[in-house]
Amino acid sequence: MAMQLETSRLLIRDWQPESDAPDAIAIYGDPQVTQWIGDKSLDTTVEAVQARLQRYRDRAAAFPGLGCWAIVQQDSDTAIGTILLMPLPDRDNQPSGKVEIGWHLRPASWGHGYATEAARAILQLGFTTLDLPAIYAVTLPDNDRSLNVMRRLGMTDLGMSDDHYGGYHLRLFCRTRAV
Ligand SMILES: CC(C)(COP(=O)(O)OP(=O)(O)OC[C@H]1O[C@@H](n2cnc3c(N)ncnc32)[C@H](O)[C@@H]1OP(=O)(O)O)[C@@H](O)C(=O)NCCC(=O)NCCS
C-alpha cells in the first residue's frame, strides 16, 4: 500500500527512485551522512543513488506496514531525507523480532527539527496503526545528533549492545507503547 502521511511541515511518502534520485544525492552523496549509516557507500551519481532507493523499496516490500520512506519538505517539494521503520537486524543480520526506527537527512536540512517531526509521526503510526508494543533505535555511540533525536522522542537509553547489525557495538534505545 502506498505511504502518504502529512505532518505540519512534511510529507512522508514512498521513495520514487527515478524522479527522487537528484534530490537524494544531497543525502547519500555526502559523507557527513553516510559515515553514520549501515550502507556506507557514497552515492554521488544519479545511477548509484537510484539503485540505493530501489534497494530500500525492495527490502521493505517483504514487510507489510513497515518501510523506508522519503521525507519531503512540503513548501519546497524537495525530498530531504529518509525515515524508516524496519525489522532490526540481529547479530547474524537476520530479523531480530524487534522493529527499529531510523532517520537520514541531507546536511542542509539539519537543525530544523525535521527528523524529530517525521519520527514522531512514524512512532505514532507504529504504535497505533501497526500495534507494535515497542520500537527500537540504534546508533554509533558518538553520533550526537542522532542521540539527541532519540532523547527528544523520549526513547529510553538501554546502553551499549553487540546484539544487532552483525555484532556492531551500538547504543540501543527503546520506546514502548503508552498504555
Ligand atoms: C541524525 C540527524 C537526522 C539529526 O538531524 P537534526 O537536524 O539534528 O535533528 P532534528 O531534525 O530533530 O532537529 C533538531 C535540531 O533542530 C532544532 N530545531 C529547530 N526548529 C525545531 C523544531 N520546530 N522542532 C524541533 N527542533 C527544532 C533543534 O533545536 C535542534 O537543533 P540543534 O542541532 O542545535 O540541537 C542528522 O544529523 C543526520 O541525518 N545525520 C546523518 C545520518 C545519521 O546519523 N542518521 C542516524 C543514524 S543512527
Side-chain angles (χ1 to χ4, degrees), residues 1-15 27 33-40 52-53 55-72 80-105 109-110 112-179:
M1 206 175 66
M3 172 62 145
Q4 190 85 0
L5 185 59
E6 267 185 53
T7 67
S8 56
R9 296 175 295 175
L10 306 170
L11 169 68
I12 300 169
R13 62 153 169 80
D14 296 317
W15 275 114
I27 312 165
V33 175
T34 56
Q35 68 174 316
W36 300 112
I37 69 179
D39 186 341
K40 295 191 192 325
R52 177 193 286 264
L53 300 181
R55 262 194 322 275
Y56 284 177
R57 284 195 66 135
D58 293 346
R59 271 185 213 151
F63 305 104
L66 303 185
C68 195
W69 304 290
I71 301 173
V72 177
I80 59 166
T82 288
I83 185 89
L84 63 91
L85 196 61
M86 286 289 285
L88 176 61
D90 70 9
R91 216 179 246 281
D92 303 313
N93 273 322
Q94 298 302 312
S96 59
K98 299 170 182 154
V99 169
E100 73 162 324
I101 187 168
W103 35 72
H104 319 146
L105 286 186
S109 298
W110 295 2
H112 299 277
Y114 294 135
T116 301
E117 184 171 321
R120 286 207 174 106
I122 293 301
L123 286 175
Q124 170 82 0
L125 172 94
F127 291 134
T128 56
T129 312
L130 304 176
D131 210 23
L132 297 170
I135 296 176
Y136 293 80
V138 291
T139 177
L140 288 166
D142 51 347
N143 189 347
D144 293 331
R145 283 190 167 271
S146 201
L147 287 164
N148 285 338
V149 177
M150 292 167 194
R151 294 186 187 115
R152 265 193 293 277
L153 294 172
M155 300 188 84
T156 303
D157 186 352
L158 300 178
M160 295 302 298
S161 165
D162 301 329
D163 292 341
H164 305 99
Y165 278 96
Y168 249 86
H169 204 45
L170 297 170
R171 194 141 160 198
L172 179 67
F173 283 73
C174 178
R175 200 166 143 185
T176 46
R177 188 175 51 212
V179 281

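On a predicted model such as this, the values are computed, not experimentally measured, just so you know.
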K.L.:
Could you report the tightest heavy-atom contact between Ser161 and His164, atom names first, then the distance?
P.N.:
OG-ND1, 3.7 Å
K.L.:
Does Tyr168 have more than 12 heavy atoms from other residues, nucleotides or ligands lying within 6.0 Å of its OH?
P.N.:
no
K.L.:
For His169, what residues pass the ring pair (Phe, Tyr, Trp, His ring centres under 6.0 Å) criterion, not counting sequence neighbours?
P.N.:
none
K.L.:
Looking only at atom types and distance, does a side-chain atom of Arg13 sit under 3.5 Å from a main-chain N or O of Ala70, one as donor and one as acceptor?
P.N.:
no
K.L.:
Could you tell me whether Arg171 and Asp157 make a salt bridge, using a distance below 4.0 angstrom between a side-chain N and a carboxylate O?
P.N.:
yes
K.L.:
With a 3.5 Å distance limit and no angle check, can you tell me whether Trp110 reaches the backbone of Leu105 through a side-chain donor-acceptor pair?
P.N.:
yes
K.L.:
Please round to the nearest 0.5 Å and tell me the distance separating atom CG of Leu125 and atom CZ of Arg120.
P.N.:
16.0 Å
K.L.:
I need the Ser109 OG to Ile80 CD1 distance, nearest 0.5 Å.
P.N.:
4.0 Å
K.L.:
Do Asp39 and Arg55 meet the salt-bridge criterion of a basic N to acidic O distance under 4.0 Å?
P.N.:
yes
K.L.:
Tell me, do Val99 and Leu66 make a side-chain contact under 4.5 Å, heavy atoms counted?
P.N.:
yes
K.L.:
Closest approach of Phe173 and Met150, non-hydrogen atoms and distance?
P.N.:
CD1-SD, 3.3 Å
K.L.:
Mind checking whether Leu158 and Tyr136 have side chains closer than 4.5 Å, heavy atoms only?
P.N.:
yes
K.L.:
I need the minimum non-hydrogen distance between Ala121 and Thr7, along with the two atoms involved.
P.N.:
CB-CG2, 3.6 Å
K.L.:
Indicate yes or no: at least one non-hydrogen side-chain atom of Ile122 is less than 4.5 angstrom from one of Trp69.
P.N.:
yes
K.L.:
How far apart are the closest heavy atoms of Ala119 and Ile101, and which atoms are they?
P.N.:
O-CD1, 3.7 Å
K.L.:
What I'd like to find out is whether the side chain of Pro89 reaches to under 4.5 Å of the side chain of Gln94, using heavy atoms alone.
P.N.:
no
K.L.:
Please examine the side chains of Leu84 and His104, heavy atoms only from C-beta on, and report whether any two atoms are closer than 4.5 Å.
P.N.:
yes
K.L.:
Is the closest side-chain donor-acceptor distance between Trp15 and Thr82 under 3.5 Å?
P.N.:
yes
K.L.:
With the side chain counted from C-beta on, respond yes when Glu100 and Tyr165 share a heavy-atom pair under 4.5 Å apart, and no when they do not.
P.N.:
yes
K.L.:
To the nearest 0.5 Å, how far apart are CG in Leu88 and NZ in Lys98?
P.N.:
6.5 Å
K.L.:
Could you walk me through whether Ser146 and Trp36 pass side chain to side chain donor-acceptor pair (under 3.5 Å), step by step?
P.N.:
CA-CA 9 Å; Ser146 201; Trp36 300 112; over 6 Å; no
K.L.:
How many angstroms lie between CG in Leu147 and OG1 in Thr139, if you round to the nearest 0.5 Å?
P.N.:
5.0 Å
K.L.:
As an exercise, state the distance from SG of Cys174 to CG of Leu172, rounded to the nearest 0.5 Å.
P.N.:
7.0 Å
K.L.:
Are side-chain N/O atoms of Asn148 and Arg151 paired as donor and acceptor at under 3.5 Å?
P.N.:
yes
K.L.:
Measuring from atom CD1 of Ile37 to atom CD1 of Ile27, what distance do you get when rounded to the nearest 0.5 angstrom?
P.N.:
9.0 Å
K.L.:
If you take all heavy atoms of Ala118 and Ile71, which pair is closest and at what distance?
P.N.:
CB-CD1, 3.8 Å
K.L.:
Between the side chain of Arg175 and the main-chain N/O of Leu153, is any donor-acceptor distance below 3.5 Å?
P.N.:
yes
K.L.:
Can you name the salt bridge (Lys or Arg N to Asp or Glu O under 4.0 Å) partners of Glu117, sequence neighbours left out?
P.N.:
Arg9
K.L.:
What is the minimum heavy-atom distance between Gly126 and Ile135, and which atoms define it?
P.N.:
CA-CD1, 4.0 Å
